[in-house]
Amino acid sequence: MPTYRAPRGTRDLLPDERAAFRRLETIASMLARRYGYREIETPMFEDAAVFERGVGAVTDVVEKELFRIARRTEEGDSWALRPEPTAGIVRAYIEHGMQTWPQPVKLTMTGPMFRHDRPQAGRFRQFWQFDIEAIGDPGPAIDAEIIELGRAFYRLAGLDDVEVLLNSIGDAACRPAYIKTLIAYFEPHAAELPALERERLHKNPMRLLDSKDPAMAELNAAAPRISDLLCEPCRIHFAAVREHLEALGITYRIEPGLVRGLDYYTRTAFEFFVPGREGGQQALGGGGRYDGLVELLGGHPTPGIGFGLGLDRIVIALEARAGEARQELEGAPVAVVVGADPAATAVRLKVATDLRAAGIAARADLGRRKLGKQLESAARDRAHFVVIIGDELADGNVQLKDLDAGSQQLVALADLARKLVSGERSHRHGGGDA
RNA sequence: GUGGCCUUAGCUCAAUCGGCAGAGCAGCGGAUUGUGGUUCCGCAGGUUACGGGUUCGAUUCCCGUAGGCCACCCCA
């Protein structure tokens, strides 16, 4: 027998970690609703062309990291697992004629994304994102609203010190000119550029700006900044986004090296960083405006903006916080039904089933072990109560034992559910336990 | 995709110079009749990631593969 394991770059979310994800999903869903975003669910795979066009054919995400699904002979389509949510959502916007809905259309989705990258801590081939998209609003106010929404999410999740990095990358009117300026600036230094950067000089020159190569630091510091060369509409838009952020009390850092090197990305670009984590994988989430994307995928020209926040990385950042090692109590049963007669599993199962029907989280000890072991197991499950079935059942009674208090009382089977409901309530409010 | 470090029980880790692979935790059972998280005793759990090589003998040394981690790359 070979021993199987989860594919490279994927992992099983065991109950404790799944609970941490569930908590983030709950916060995301609550916040999205509060801000007026409705949930959408798109397929986890699409026609590969949706990503090739929607994400950009010359990006790493598509060129190197796309999970392509081998086509079946009887079907001509070529599919790929979604590497990010925006392209699929915009495809759905167009397909379902959402331009006839009241604009902007505000959508949210949380789910797994797939990229065939080399795995590393905080970098997985299947990872989860909380995504927000507002399609049909040119901004600038909504840009600030969305950034504030991201900050609010991190704050509720337990990360207060997330930094906002902000930039404007211009639009179709001013970016081409900027790129020419940039190439003209780097060209005389082409010989001194690291090989990788030299290669990118003509293909995707804006990428040089976020290079971490120390050899680039000096050159980049003096490089022309797009923020100085924005066209008038972009300049006004950027200034307005900043005004709105300041009105909301959001602190941010202008980061000229923050780049989205894709044609349809426009104007506002932002990322969320957790400070103190040097090196890679410190980007918790990011987003930006994509005023060209709807048209690129075949719709009418429509502005849009959104973000994707990596759930995996939030969980990691949370775990790194000292003292965050609180254990999840969820999943503990309120009551465990045990019995003096190890063989009498049918009675225990029946009593537990009736309690569940009454809405109580109960389990029966279905093992054939002696009472002491059953109690021990219940206590280790952190159950609040045990119901002990014994001879008193002949009179219609059971023993109800409060494990925390150590007290015990004789209770009529008919009253058991009611007693447990009120007992659980006093446990929750009576506190002491946490 | 490139380079480096690592991989022993479910988990965290031992094993001297190359000489019979161990502990703690977790699990299960028991400690004179139906009362718990402690304690004590016991049981189970391993092709030492996988495949080769060197050697009388490999967890240990060498090579390859897989997986993890770190840096690059990319990004979430």
Side-chain angles (χ1 to χ4, degrees), chain A residues 1-12 14 16 55 59-66 82-86 110-131 150 194-197 199-200 204 207 210-214 258-262 271-274 278-287 307-317 336 338-342 344 365 367-393 398-408:
Chain A
M1 264 299 269
T3 115
Y4 298 108
R5 50 182 162 185
R8 181 169 203 198
T10 71
R11 64 230 168 94
D12 302 306
L14 270 25
D16 277 346
V55 177
T59 57
D60 280 14
V61 167
V62 165
E63 268 183 333
K64 310 199 302 210
E65 299 170 7
L66 204 58
R82 63 184 184 200
E84 57 88 49
T86 309
T110 298
M113 306 296 151
F114 307 85
R115 292 184 200 176
H116 192 106
D117 203 355
R118 182 154 167 177
Q120 211 166 306
R123 189 166 80 183
F124 306 99
R125 288 181 173 178
Q126 176 177 342
F127 58 98
W128 274 257
Q129 271 193 11
F130 163 39
D131 186 70
L196 180 72
E197 317 297 348
E199 217 175 283
R200 287 209 282 227
N204 204 343
R207 288 248 88 101
D210 62 4
S211 168
K212 272 180 260 175
D213 195 316
L258 177 56
V259 151
R260 291 275 189 281
L262 314 180
E271 278 183 12
F272 297 103
F273 271 69
V274 58
E278 281 312 309
Q281 278 71 66
Q282 54 185 341
L284 286 177
F307 67 54
L309 310 187
L311 262 35
D312 310 71
R313 290 186 181 177
I314 297 172
V315 170
I316 289 169
V336 176
V338 303
D341 177 2
D365 196 313
R368 300 177 158 241
R369 50 187 174 182
K370 44 201 295 188
L371 182 61
K373 286 292 182 187
Q374 296 181 40
L375 284 167
E376 184 180 329
S377 161
R380 287 159 87 119
D381 268 4
R382 309 198 57 118
H384 288 156
F385 297 96
V386 287
V387 176
I388 303 169
I389 313 279
D391 297 336
E392 50 281 74
L393 188 63
V398 295
Q399 295 284 352
L400 177 60
K401 183 180 176 74
D402 183 325
L403 282 172
D404 295 333
S407 59
Q408 184 170 323

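Residue numbering restarts at 1 for every chain, and letters A, B, ... go by the order of the sequence lines.
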Handout entry: Candidates B/C75, B/G67, B/C73 - which lies nearest the side chain of A/Arg8
Key =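 Of B/C75, B/G67, B/C73, B/G67 is nearest to the side chain of A/Arg8.
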Practice task
Could you summarise the pairing of RNA chain B as dot-bracket text, marking Watson-Crick and G-U pairs under 3.5 Å with ( ) or [ ] inside the strand and | across strands?
Solution key: (((((((..((((.....[..)))).(((((.......))))).....(((((..]....))))))))))))....
Mind checking the [atom1] distance from [N] to [M]? Whole angstroms is fine.
{"N": "B/U16", "M": "B/G29", "atom1": "P", "answer": "36 Å"}
{"N": "B/A26", "M": "B/C70", "atom1": "P", "answer": "29 Å"}
{"N": "B/U35", "M": "B/G42", "atom1": "P", "answer": "25 Å"}
{"N": "B/C17", "M": "B/U65", "atom1": "C1'", "answer": "30 Å"}
{"N": "B/A14", "M": "B/C6", "atom1": "P", "answer": "13 Å"}
{"N": "B/G37", "M": "B/G51", "atom1": "P", "answer": "44 Å"}
{"N": "B/A23", "M": "B/A44", "atom1": "P", "answer": "12 Å"}
{"N": "B/A15", "M": "B/C75", "atom1": "P", "answer": "44 Å"}

Taking [atom1] from [X] and [atom2] from [N], how many angstroms apart are they, rounded to a whole number?
{"X": "A/Gln120", "N": "B/G4", "atom1": "CD", "atom2": "C1'", "value": "12 Å"}
{"X": "A/Arg5", "N": "B/G10", "atom1": "CZ", "atom2": "P", "value": "14 Å"}
{"X": "A/Leu258", "N": "B/C75", "atom1": "CG", "atom2": "C1'", "value": "12 Å"}
{"X": "A/Arg11", "N": "B/A76", "atom1": "CZ", "atom2": "C1'", "value": "12 Å"}
{"X": "A/Arg115", "N": "B/A76", "atom1": "CZ", "atom2": "P", "value": "5 Å"}
{"X": "A/Asp117", "N": "B/A71", "atom1": "CG", "atom2": "C1'", "value": "14 Å"}

Exercise for the section: Would you mind reporting whether A/Asp131 and A/Met113 have side-chain heavy atoms less than 4.5 Å apart? Expected result: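 They are not in contact (no side-chain heavy atoms under 4.5 Å apart), so the answer is no.
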Handout entry: Side chains of A/Arg118 and A/Arg8 in contact at under 4.5 Å (non-hydrogen atoms)
Key = yes
Problem - Distance-only donor-acceptor test, A/Arg313 side-chain atoms vs B/C75 base atoms, 3.5 Å - result: yes
Handout entry: Quiz item: A/Arg123 side-chain donor-acceptor pair to B/C69 base, under 3.5 Å
Key = no
Looking at [X] and [Y], would you say the former's side chain and the latter's main chain have a donor-acceptor pair under 3.5 Å?
{"X": "A/Arg313", "Y": "A/Ala283", "answer": "yes"}
{"X": "A/Gln374", "Y": "A/Arg369", "answer": "yes"}
{"X": "A/Asp365", "Y": "A/Gly367", "answer": "yes"}
{"X": "A/Arg82", "Y": "A/Phe114", "answer": "no"}

To check you understand the geometry: which heavy-atom pair defines the closest contact between [X] and [Y], and what is its length?
{"X": "A/Leu66", "Y": "A/Pro83", "result": "CD1-CG, 3.7 Å"}
{"X": "A/Leu284", "Y": "A/Val274", "result": "CD1-CB, 3.8 Å"}
{"X": "A/Lys370", "Y": "A/Pro342", "result": "CA-CG, 4.2 Å"}
{"X": "A/Asp312", "Y": "A/Trp128", "result": "OD1-N, 2.7 Å"}
{"X": "A/Gly390", "Y": "A/Ala340", "result": "CA-CB, 4.5 Å"}

Name the nucleic acid region contacted by [X], choosing base, sugar-phosphate or nothing; use a 4.0 angstrom heavy-atom cut-off, strictly under.
{"X": "A/Phe272", "answer": "nothing"}
{"X": "A/Gly9", "answer": "sugar-phosphate"}
{"X": "A/Gly339", "answer": "nothing"}

Handout entry: Protein proximity profile, nucleotides 25-35 of chain B - base contact B, sugar-phosphate-only contact S, no contact -, cut-off 4.0 Å on heavy atoms
Key = --SSBBS--BB
Fill in the blank from the handout: By nearest-heavy-atom nucleotide on RNA chain B, the more 5' of A/Ala383 and A/Arg118 is A/Arg118
Problem - Earlier contact from the 5' end, RNA chain B, for A/Asp312 and A/Pro119 - result: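 Going by which nucleotide is closer to the 5' end, it is A/Pro119.
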